[in-house]
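Everything on this sheet refers to the single structure shown next.
The analysis underlying the following values was restricted to heavy atoms, covering all of them including side chains, and did not include hydrogens, waters or symmetry mates.
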Amino acid sequence: MKFYYSPGACSLGIHFLLEEIGIEYEGIAIHIKNGDQLKDAYLQINPKSKVPAVLRDDGSLLTEFGAPC
């Protein structure tokens with residue numbers, strides 16, 4: 001599984017969650033200040049150009065971080 005995040009962004013919550021449940025993942029930093037989210041390489045993964053994005057082993061992509069109520 002690949003986890004696309006930006007340091008200091010809301011993707012930090014997903015990072016904590018992945019660590020807490022102990023799932024193996026590859027963390028890939030997307031530096032928003034550098035405009036990495038707008039580069040073709042990331043847009044091919046997430047056309048929304050936002051973080052977080054989790055590319056699961058089955059090929060599905062999760063791009064929203066909802067808070068449990």
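Residue D40 holds its CG atom at 11.0 Å from CD1 of I45, rounded to the nearest 0.5 Å. Annotation: the span from I30 atom CD1 to F3 atom CZ amounts to 10.5 Å, rounded to 0.5 Å. Distance check, rounded to the nearest 0.5 Å: NE2 of H31 to OH of Y5 gives 6.5 Å. D57 CG to I23 CD1: the interatomic distance, rounded to the nearest 0.5 Å, is 9.5 Å. Rounding to the nearest 0.5 Å gives a distance of 11.0 Å between NZ of K50 and CG of L38.
A donor-acceptor pair is defined here as one N or O able to donate and one able to accept, closer than 3.5 Å; no such pair exists between the side chain of N34 and the backbone of D36.
Summarising the geometry of Y42 relative to A53, their closest heavy-atom pair is OH-CB, 3.4 Å, with the distance given to 0.1 Å. Between L18 and M1 the shortest heavy-atom distance is CD2-CE, 3.9 Å. In plain terms, the two heavy atoms of S6 and S11 that are nearest each other are N-OG, 3.1 Å.
Hydrophobic clustering of Ile, Leu, Val, Met, Phe, Trp and Tyr side chains at less than 4.5 Å, counting indirect connections, unites I28 with L61.
Here the rule is side-chain contact (heavy atoms from CB on, under 4.5 Å) with Y4, and of T63, N46, L55 only L55 fits it.
Annotation: side chain of Q37 is not in contact with side chain of V51 (no heavy-atom distance under 4.5 Å).
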